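Working notes for the structure below.
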Amino acid sequence: MNKNGLILVVSGPAGSGKGTVNRILRDTGDYVYSVSRTTRAPRPGETDGNDYLFVTREQFFEYLEQGDFLEYNEYCGNFYGTPLSTSEQIIAQGKNIILEIDVNGARQVKEKKPDAVLIMLLPPHFSDQEQRLRGRATETEEKILSRLEQTHEELHHLDMYDYIVINRDGETQQAAEDIMAIVRAEKLAQKRNPDMEAKYFEN
Ligand code: 5GP
């Protein structure tokens, strides 16, 4: 069977819980998290090199000039991008890579890497999302409103995604397991194993 790792794009509006779900996946040891570069300031508890690679705008544009982004996007006034060199190394090692990126980034990945699996993680309803965002209390009211507003744009592009996973309150483990089930099935997809007939009869 195909030994290559999958490129897994996990998008979700602010407050969807994608950070927590992705941490569960990472802890299984079967997934490598692609650490993005961003120009936004670290939130409390976030560490450089772990949650993000925090860079200045100047540094970000240097990487862009060097062509070292698989994709990138501006979101709410900050830049975010996936390092190309690192992600290619991970895939070449046969490991699954998780890209926790927005809708614009997902579109760029799908164009460059059509084999990528695109998953949208959602709270059950917009009202749950709003409640979670306010509960998090790490951002100003203005930022919260900007992120809620962005959700309309994100959901408008849902048809680009291969799968939708619902992250219910207190059931984050289930959401992570749903993603693991998707990956298991995708790895068995016939299209990912096009040389199976030849391999089957190989001496
Ligand atoms: P946050 O500031 O809440 O960590 O992220 C804001 C948005 O940027 C989220 O939708 C997140 O998925 C997205 N994001 C994070 N890293 C990247 C990246 O490397 N590329 C793109 N396109 N979006 C990203």
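In this text, all values refer to a predicted model and were calculated from it rather than measured experimentally. Ligands are counted one by one from 1 in listed order, and the atoms in each one are counted from 1 as well.
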(request) Answer whether the closest heavy-atom distance between the side chains of R40 and F54 falls below 4.5 Å. (result) yes

(message) Contact between E186 and K191 at the side-chain level, heavy atoms closer than 4.5 Å - yes or no?
(response) yes

(message) As a test of reading the model: which residues have a non-hydrogen atom less than 4.0 Å away from ligand 1?
(response) K18, S36, R40, R43, Y52, E71, N73, Y75, Y80, G81, T82, E100, I101, D102, G105, R147

(message) Any salt bridge linking D128 with R168? Criterion: basic side-chain nitrogen under 4.0 Å from a carboxylate oxygen.
(response) no

(message) Check this for me: does any side-chain nitrogen of one of R107 and E111 sit under 4.0 Å from a carboxylate oxygen of the other?
(response) no

(message) Suppose we call two aromatic rings close when their centres sit under 6.0 Å apart. Are F61 and F79 close by that rule?
(response) yes

(request) Using the test side-chain contact (heavy atoms from CB on, under 4.5 Å), find all partners of E71 that sit at least two apart in sequence or belong to another chain. (result) T82, I101, Q108, V109

